[in-house]
Amino acid sequence: MRAPATSANLGSGFDVFGAALERPADIVRVERAEETTIEMSGAGSEFIPEDPAKNTAGAVAEALDAPARIKIDKGVRPASGLGSSAASAAGAALALNELYDRGLSRSELVPIAAEGEALVSGEAHQDNVAPALLGGFTIVAEDGVTQVDSSVPLVVCLPDIVVSTRDARRVVPESTSVENMVDTVGRAATLTVGMHREDPAMVGRGMEDNVVTPARAKLIDGYDAVREAALDAGATGVTVSGAGPGVIAACYESDRSEIAGAMLDAFDDVDVDSRAYQTRIGDGPTVY
Ligand code: HSE
């Protein structure tokens, strides 16, 4: 099972919008067993507990009553803002659903995978697990999840610093002005239509946000310079990916390589190592 990285929020859609990325991804393998065991390898795996009671995939195995030997090769480092725990939770949910023939749809697996998220972040957010399971662009609302296929090109630049989701949630303002609310609604609507039309300019405009992103940007060394560099290189919009520290830019495919280079250079200028993924909105998990 290949379970993709995801980006939540996309600026104007805090706790609502999410997108599956074509890359990077976790690889999740499962075999039936008497009791659940977990082996981690890959990016940042040394920071992830293998105890099933403390691991997102373990929580999912418990929720599905599907004990298994689970091996996870992390392509998505934890605390990146790229849905690392969601990729493992979604991959485990889909793989165990098949292994035990539970017959649940991908939509029905969303709240189960979110249980894994709750273990890590304290809250059962669905804005990463929904796109990790369903692919494309997703809107998580009180009355359910809406999915839209899209393939807008993106660059995600991941600095070598750690921002935990818990810390990034503490800085979110508790209230905002009506002016900001009106601006956010307009941008969120623009972004949604832009995803449907696969229009990078509309998606980029819709990624701007005056409420959550400015507060979180302060946790990321060099954010303002990286954002400016990406926009100068042709990005149509730039924002914090999820809870950060990943920074995500929407763009036209022809500008992607230059934007990636500009973002890497801007982090380098403030002495922060980083890596860039030239990617796009992807189709979701692959079972093989
Ligand atoms: N929407 C969440 C946040 C992402 O930005 O805090 C983690 O699910």
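Whatever order the structure lists ligands and atoms in, that order sets their numbers, starting from 1.
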Proximal candidate to atom 7 (C) of ligand 1 [heavy atom criterion; set N128, V16, T6]: N128

Minimum side-chain heavy-atom gap Y277-L154 below 4.5 Å: no

I'd like to know if [X] and [Y] make a salt bridge, using a cut-off of under 4.0 Å between side-chain N and carboxylate O.
| X | Y | value |
| --- | --- | --- |
| R280 | E253 | yes |
| E208 | R227 | yes |
| D167 | R170 | yes |

Side-chain (D26) to main-chain (G75) donor-acceptor, under 3.5 angstrom: yes

Sub-4.0 Å heavy-atom contact, A168 with ligand 1: no

Mode of R216 contact toward ligand 1 - side chain, backbone, both, neither (heavy atoms, under 4.0 Å): side chain

Which of the atoms of ligand 1 are close to [X], meaning less than 4.0 Å from one of its heavy atoms?
| X | value |
| --- | --- |
| G242 | 5 (O) |
| N9 | 1 (N), 3 (C), 5 (O) |
| D15 | 1 (N), 2 (C), 3 (C) |
| F14 | 3 (C), 5 (O) |

Closest non-hydrogen atom pair between I161 and D221, with its separation: CD1-N, 3.9 Å

